[in-house]
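Step one of this worksheet: look at the structure below.
For ligands, and for the atoms within them, numbers begin at 1 and follow the listed sequence. Bear in mind the structure is a predicted one, so any value in this text is a computation, not a measurement.
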Amino acid sequence: MQLFHSPTSPYVRKVMACILLRGLQGRIELIPTRPMENPGALLAANPLGKVPCLVTTEGAAIFDSPVICEYLDGLGNAQPLFPPPGPARLASLTMQALADGLCDAAVARQQSRAQQEEGAAPAPRQHAFQERQMAAIRRGLGALEAMPPQGLADIGAVAAACALGYLDLRIPELGWRATHPKLATWLASVEASPALSRTAPPAG
Ligand SMILES: N[C@@H](CCC(=O)N[C@@H](CS)C(=O)NCC(=O)O)C(=O)O
């Protein structure tokens, strides 16, 4: 299998963490990819031009990250990261959606800041957009703090860890640990695991 990969993408990190948790690393070839440069191989596999995108040994292209993670959950013999249908599955998928949404807001804010630096759009409009993303991030962190993940045994927890790591990478000034002590304690308890320590993004 081939995985279109970027080391700073939190969605790619989530997929890589699933690969490690499921012991599939020997079966995946990583394709270093800069999605913003529109490489032809990526566009041929994923019309949206985004990473991650997985191409199976049968040649099927799979995206986006939640779908890739669920596909990987059917491979190998490790304990599933996706609970069976029922309340636990809904809770896990909802936490994944919340964590991915934190990443979406942080990515959008990052892109808006880059455009602002290039003078591509009026600063007040960019500021309002960035503040909207920050408000979503603050609310999302509050929701995670109210019901923090436990361990690293389901896709919701994996996604939450990757999202918090992305906030550390892109918005360190947020200082979320000081205001979200349960999340901070939880992340400290799992971040040394190989699935997280080996997938950590390169420093800023
Ligand atoms: N919902 C997607 C989001 C993927 C995504 O936004 N990836 C970013 C990298 S962090 C990307 O490839 N961006 C390229 C673009 O926006 O054109 C997923 O979960 O895989």
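- Atom 20 (O) of ligand 1 has its nearest heavy-atom neighbour, among C69, A106, S65, in S65.
- Per-residue contacts place M36 under 4.0 angstrom from the following atoms of ligand 1 (heavy atoms of the residue considered): 14 (C), 15 (C), 17 (O).
- In terms of hydrophobic clustering, with Ile, Leu, Val, Met, Phe, Trp and Tyr side chains grouped at heavy-atom distances under 4.5 Å, L24 and F4 are assigned to a common cluster.
- Applying the 4.0 Å criterion to heavy atoms of P35 picks out, from ligand 1, the atoms 12 (O), 14 (C).
- Among protein heavy atoms, atom 12 (O) of ligand 1 sits closest to V51 N, 2.9 Å.
- A distance-only check finds a donor-acceptor pair linking the side chain of S92 to the backbone of G156 [under 3.5 Å].
- Counted within 6.0 Å of CD on E131, heavy atoms from surrounding residues, nucleotides or ligands total more than 12; the atom is thus considered enclosed.
- An N or O contact shorter than 3.5 Å links D64 to ligand 1 by distance.
- Close approach of ligand 1 to P66 (heavy-atom distance below 4.0 Å) involves ligand atoms 19 (O).
- Transitive grouping of hydrophobic side chains (ILVMFWY, heavy atoms separated by less than 4.5 Å) keeps L43 and I31 in distinct clusters.
- Nearest protein heavy-atom contact of atom 10 (S) of ligand 1 is S9 OG, 3.3 Å.
- In terms of the salt bridge (charged side-chain N to carboxylate O under 4.0 Å, His left out) criterion, R198 has no residue partners (sequence neighbours excluded).
- The two residues H127 and Q116 make their nearest non-hydrogen contact at NE2-NE2, 3.3 Å.
- Comparing heavy-atom distances from atom 16 (O) of ligand 1 across K14, R34, R13, K50 singles out K50 as nearest.
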